[in-house]
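All values below come from the heavy atoms of this structure, side chains included, with hydrogens, waters and symmetry mates left out.
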Amino acid sequence: MLIQSGNKPETRTYSDYESVNECMEGVCKIYEEHLKQQNPNTPSITYDISQLFDFIDQVADLSCLVYQKSTNTYAPYNKDWIKEKIYVLLRRQARSQ
C-alpha cells in the first residue's frame with residue numbers, strides 16, 4: 001500500500017502486507033488511528049463505511065501494488081478498487097459474526 005496523507009511529498013509512506021485482505025484491514029486501521037487522533041478523549045470510536053470511504057477520498061494519494069504471480073509483476077490499483085475490496089471484506093466480516 002502506498003499512501004500520501006497530506007499535500008506534501010514528505011507525507012508519503014508505504015506498508016507491505018501478505019494479502020489484499022490484510023492490506024484492506026491496514027487501510028481501516030489507518031482511519032481508526034486518524035479518528036483516535038481527532039477524538040483523543042473518546043474511549044470507543046465507531047464509524048460507518050461511508051465515513052471510511054470519505055476519508056479514503058480525502059487522502060491525497062492511496063494505491064495498492066498487488067503482486068501478480070502469472071507475470072511476476074506488481075499491478076497498481078486505485079482508490080475505487082480499494083473501496084470495493086474493503087466493502088467486500090467488511091461485508092464478509094459482518095456475515096461471520
Side-chain angles (χ1 to χ4, degrees):
M1 170 178 41
L2 308 169
I3 186 168
Q4 181 175 335
S5 57
N7 291 329
K8 295 180 180 180
E10 301 86 57
T11 64
R12 289 179 185 154
T13 188
Y14 75 93
S15 300
D16 190 24
Y17 297 93
E18 291 298 315
S19 70
V20 170
N21 280 349
E22 279 184 28
C23 182
M24 298 308 109
E25 289 172 2
V27 173
C28 293
K29 283 186 175 58
I30 289 169
Y31 179 56
E32 290 164 7
E33 287 302 316
H34 169 76
L35 289 176
K36 286 178 188 174
Q37 289 175 358
Q38 299 292 317
N39 307 285
N41 299 322
T42 306
S44 178
I45 296 174
T46 59
Y47 60 91
D48 66 36
I49 198 164
S50 66
Q51 292 168 307
L52 173 59
F53 286 179
D54 287 344
F55 172 77
I56 290 170
D57 289 336
Q58 291 168 6
V59 170
D61 192 19
L62 177 64
S63 59
C64 289
L65 295 174
V66 180
Y67 182 68
Q68 310 293 309
K69 272 187 184 172
S70 61
T71 58
N72 203 29
T73 60
Y74 287 87
Y77 293 96
N78 63 16
K79 290 179 181 182
D80 288 335
W81 182 88
I82 292 168
K83 289 190 285 188
E84 181 181 326
K85 293 297 180 187
I86 287 175
Y87 175 78
V88 170
L89 173 69
L90 295 179
R91 191 177 66 195
R92 192 176 305 135
Q93 286 176 348
R95 283 185 185 158
S96 66
Q97 291 181 356

With a 4.5 Å cut-off on side-chain heavy-atom distances among I, L, V, M, F, W and Y, is there a chain of contacts connecting Met1 to Tyr14? no
Do Glu25 and Tyr17 meet the criterion of a side-chain donor-acceptor pair at a distance under 3.5 Å? no
What distance do Ile30 atom CD1 and Leu35 atom CG have between them, rounded to the nearest 0.5 Å? 12.5 Å
Identify the two heavy atoms, one from Val59 and one from Ser5, that lie closest to each other, and give their separation to 0.1 Å. CG1-CA, 4.2 Å
Output the distance between atom CG (Leu2) and atom OH (Tyr77), rounded to the nearest 0.5 Å. 14.0 Å
Approximate separation, where rounding is to 0.5 Å, of Ile56 CD1 and Lys79 NZ: 8.5 Å
For Gln68, look at atom CD and say whether over 12 heavy atoms of other residues, nucleotides or ligands are found less than 6.0 Å away. yes
Single-linkage hydrophobic cluster Leu65~Ile3, side-chain heavy atoms < 4.5 angstrom: no
For Tyr31 and Gln51, what are the C-alpha separation, side-chain angles and deciding distance, and is it a side chain to side chain donor-acceptor pair (under 3.5 Å)? CA-CA 9 Å; Tyr31 179 56; Gln51 292 168 307; 4.8 Å; no
Are Ser63 and Asn78 close enough that some pair of their side-chain heavy atoms sits under 4.5 Å apart? no
Can you see which heavy atom on Cys64 is nearest to which on Cys23, and at what distance? SG-SG, 3.5 Å
What orientation do Phe55 and His34 show, parallel under 30°, tilted 30 to 60°, or perpendicular over 60°? tilted
For Tyr87, look at atom OH and say whether over 12 heavy atoms of other residues, nucleotides or ligands are found less than 6.0 Å away. no
Short side-chain donor-acceptor distance under 3.5 Å, Ser50 and Asp48: yes
From Glu22 atom CD to Leu89 atom CG, the distance as rounded to the nearest 0.5 Å: 11.0 Å
Indicate yes or no: does Asp57 engage Lys83 in a salt bridge with an N to O separation below 4.0 Å. yes
Drop me the distance from Arg91's CZ to Ile49's CD1, to the nearest 0.5 angstrom. 9.5 Å
Minimal heavy-atom distance between Thr11 and Gln4, with the atoms involved, is OG1-CG, 3.3 Å
Hey, could you give me the OG/CE distance between Ser19 and Met24, rounded to the nearest 0.5 Å? 9.0 Å
Answer yes when Lys29 and Glu32 have at least one side-chain N-carboxylate O distance shorter than 4.0 Å, and no when they do not. no
